[in-house]
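Working notes, structure below.
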Amino acid sequence: MLTTKPRGVNDILPDEVWKWHYVENYLRDLAGRFGFQELRIPIFEHTELFQRGIGDTSDVVEKEMYTFTDRGDRSLTLRPEGTAGVARSFVENKLYSGTLPGKYYYVGPMFRYDRPQAGRYRQFNQFGIETIGGHEPAIDSEAVAFAYEIFHGLGLENVLVHLNSVGCPVCRKAYRAALQDHLRPALHDLCETCQTRFDRNPMRILDCKSKHCHELVQGAPSITQYLCEDCQNHFDQVKKILEAMGIPYAVDQNLVRGLDYYTRTAFEITAGKEGSQSAICGGGRYDNLIEEIGGPALPGIGFALGMERLLLTLEQQGSQLQKPDSCDVFVAGLGGNAEILTSQLCHSLRLSGLRVQRDYQGKGLKAQMKAADRVAAKIVLIIGDDEIARQAVICRQMANGEQTTISVNDAVSYVQQKLSAIKVEGDIK
RNA sequence: GUGGUUGUGGCGAAGUGGUUAACGCACCGGAUUGUGGCUCCGGCAUUCGGGGGUUCAAGUCCCCUCAAUCACCCCA
């Protein structure tokens, strides 16, 4: 072949796409229940939005963006995440002039130039929510509860909520200094990346996966000890509400999120197996982002989950999603004489709202029956020379082999009747 | 970006330098001349991810390249 798909992208084939539909519908329904509305944002934005919004010390901005220049010499970037775009849209469309907080969700592809692995792709899909314009702890708790319910409601096991507060600029300044003091004696023992993090963003060292750094970080002061009074009260209230709602969580003082805009509440959700791709959802509060990109000083909070990782986890945990039926009626025409009637009948049945399939290659009846069986058709209509002569069709009910000959004119209404009878039987069972 | 493993029909998978590249599933056809799921029979890769090299001879050895996967990293 001429060429293959670029590295790190995927085709989602018909055999699998129904799972995506299932999960997407589930998420949209849940979003509606929690009071979120869809906001569709562009797939690319001006590069500076991500540089300023996400923060140019983050790895995502530093080395993972798909940035290109368009024909008008503008620097554009394929969105690596959704929050910056939603924030931009919120400000640009002056959504702050409506009822606050605004509650939005989005679903769609994101792009990061990473080295691909299972559950990590260069084009991947996220579902995410943002609540903008409210600082109340109940908003944080609601976001965490929503995220938890997504996985809990799908029947996943070992769903863990890791919760932390990363403080506000006020308390973070004090904490940052204390952390640097603690780590300074061991500075040259840290891994290379962490040495550069020491000045730029020492809190990221807490999150380092290198064993050695992990050990050095043990006994380091924790942000929780340095939270200012406001942040502490906020965090306490968030936890209190979560407990009241029955949402299980574990405070993880080493949890630091990789995007620079996070403040106060930060959380991640893992499910099932340990490993590098165990985090299926992450989010937190970003009280300065809206102002940072030139909007009013409004706080926000949100999370995003990786659709591929969610599907992968469902698979690993053996969840049986119900594959929807794809065919109500199969029309089997025999021989060239049946062609016209077959086409007419298929069309009428389809206009009446039924899902109809047929053969186009003049296969024998046996082969067509096999095909009907494969697509799980509930009814097969058979049209041969005998039937054409009598302007009739045979209606066969696949489940029990029952057959009736009916006139062509009655075919559509007869089939509909039969199908609803089959459906009622199924419902009773 | 670093390191490891892998790459044979649509899928899974044998093949330890020497003739026509096993087998299973799927698919197509027949037994059953107009009736699915079971059974039996038959068909289905001029070629082993791609390119180059060594050799009388390469799916098998060497080099390069692409891709998948795992760990690191990062994050969803």
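Within every chain, numbering begins at 1; the chains are lettered A, B, ... in the order of the sequence lines, protein sequences first and strands thereafter.
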- Query: Are Phe36(A) and Phe146(A) close enough that their ring centers fall under 6.0 Å?
  - Reply: yes
- Just compare G37(B), G29(B), C72(B) and give me whichever is closest to any side-chain atom of Ala367(A). G29(B)
- Query: Which part of the nucleic acid does Ala304(A) contact within heavy-atom distance under 4.0 Å: base, sugar-phosphate only, or nothing?
  - Reply: sugar-phosphate
- In whole Å, what is the span from the CG atom of Asp114(A) to the P atom of A71(B)? 14 Å
- Round to the nearest Å and state the distance from Met110(A) atom CE to C75(B) atom C1'. 13 Å
- Query: Taking the same atom, C1', in U65(B) and in G15(B), what whole-Å distance lies between them?
  - Reply: 25 Å
- Watson-Crick or G-U wobble partner for G15(B), using a 3.5 Å limit on both distances? U8(B)
- Query: Where does the angle between the aromatic ring planes of Tyr104(A) and Phe90(A) fall among parallel (under 30°), tilted (30 to 60°) and perpendicular (over 60°)?
  - Reply: perpendicular
- Using the P atoms only, state how far G1(B) lies from C44(B), rounded to an integer number of Å. 45 Å
- Task: Count the heavy atoms of every other residue, nucleotide or ligand shown that sit under 6.0 Å from CD of Glu315(A), and state whether that count exceeds 12.
- Result: no
- Item | Whole angstrom value for the distance that separates P of G34(B) from NZ of Lys366(A) | 12 Å
- Note on the structure: Met369(A) has its side chain closest, among G36(B), U69(B), G29(B), to G36(B)
- Query: Which atom names give the shortest non-hydrogen contact between Thr47(A) and Met65(A), and what distance separates them?
  - Reply: CG2-CE, 4.1 Å
- Message: Below the 4.0 Å mark, does C75(B) have OP1 or OP2 next to a side-chain nitrogen or oxygen of Arg112(A)?
- Response: no
- Between U55(B) and G4(B), how far is it from one C1' atom to the other, in whole Å? 31 Å
- Message: Please determine whether any donor N or O and acceptor N or O are separated by less than 3.5 Å between the side chain of Glu387(A) and the base of G34(B).
- Response: yes
- Which of these nucleotides, U35(B), G29(B), A68(B), is closest to any side-chain atom of Ile382(A)? U35(B)
- Item | Integer angstrom distance from the P of U16(B) to that of C62(B) | 15 Å
- Query: What is the distance, rounded to the nearest whole Å, between atom NE2 of His162(A) and atom P of A76(B)?
  - Reply: 14 Å
- Could you check whether Gly8(A) gets within reach of a base, just the sugar-phosphate, or nothing at all, counting any heavy atom under 4.0 Å? sugar-phosphate
- Item | G-U wobble or Watson-Crick pairing nucleotide for U32(B) (cut-off 3.5 Å, both distances) | none
- Message: Checking base pairs now: Watson-Crick or wobble, both atom distances under 3.5 Å. What partners A71(B)?
- Response: U2(B)
- Interatomic distance at C1', C28(B) relative to U6(B), whole Å: 32 Å
- Message: Starting the side chain at C-beta, find the nucleotide from A76(B), G3(B), U35(B) nearest to Leu365(A).
- Response: U35(B)
- Roughly, in whole Å, what's the span from CD in Gln403(A) to C1' in U35(B)? 7 Å
- Message: Taking Gly333(A)'s backbone N and O only, do any of them form a donor-acceptor pair with Gln368(A)'s side chain (distance below 3.5 Å, no angle check)?
- Response: yes
- Query: Quantified in whole Å, what is the P atom distance between nucleotide U47(B) and nucleotide A21(B)?
  - Reply: 11 Å
- Message: Just N and O in the side chain of Gln117(A): are any of them under 4.0 Å from OP1 or OP2 of A68(B)?
- Response: no
- Message: Categorize Asp386(A) for me: base, sugar-phosphate, or nothing, with a 4.0 angstrom heavy-atom threshold over every strand shown.
- Response: base
- Message: As a test of understanding, state which of Lys418(A), Arg355(A), Arg350(A), Lys423(A) forms a salt bridge (charged side-chain N to carboxylate O under 4.0 Å, His left out) with Asp328(A).
- Response: Arg355(A)
- Item | Lys/Arg cation over aromatic Tyr226(A): Arg172(A), 6.0 Å, 45° cone | no
- Message: Does C27(B) have OP1 or OP2 under 4.0 Å away from a side-chain N or O of Arg374(A)?
- Response: yes
- Query: Mind checking the C1' distance from C41(B) to U32(B)? Whole angstroms is fine.
  - Reply: 13 Å
- What is the distance, rounded to the nearest whole Å, between atom CD of Gln368(A) and atom P of U33(B)? 15 Å
- Query: So which nucleotide from A76(B), G29(B), A67(B) ends up closest to the side chain of Lys363(A)?
  - Reply: G29(B)
- Query: Between Met307(A) and Ile394(A), which is nearer to the 5' end of RNA chain B once each is assigned its nearest nucleotide?
  - Reply: Ile394(A)
- Mapping Glu81(A) and Lys63(A) onto RNA chain B by nearest heavy atom, which one lands closer to the 5' end? Lys63(A)
- Item | Separation of G7(B) C1' from Arg7(A) CZ (nearest whole Å) | 14 Å
- Message: For the C1' atoms, the ones on A13(B) and on C48(B), what distance do you get once it is rounded to whole angstrom?
- Response: 13 Å
- Proximal nucleotide (of C75(B), G1(B), A68(B)) relative to the Arg120(A) side chain: G1(B)
- Item | Electrostatic pair Glu48(A)-Arg52(A), nearest N-O below 4.0 angstrom | no
- Task: For Glu308(A) and A76(B), give me the distance from atom CD to atom P, rounded to whole Å.
- Result: 14 Å
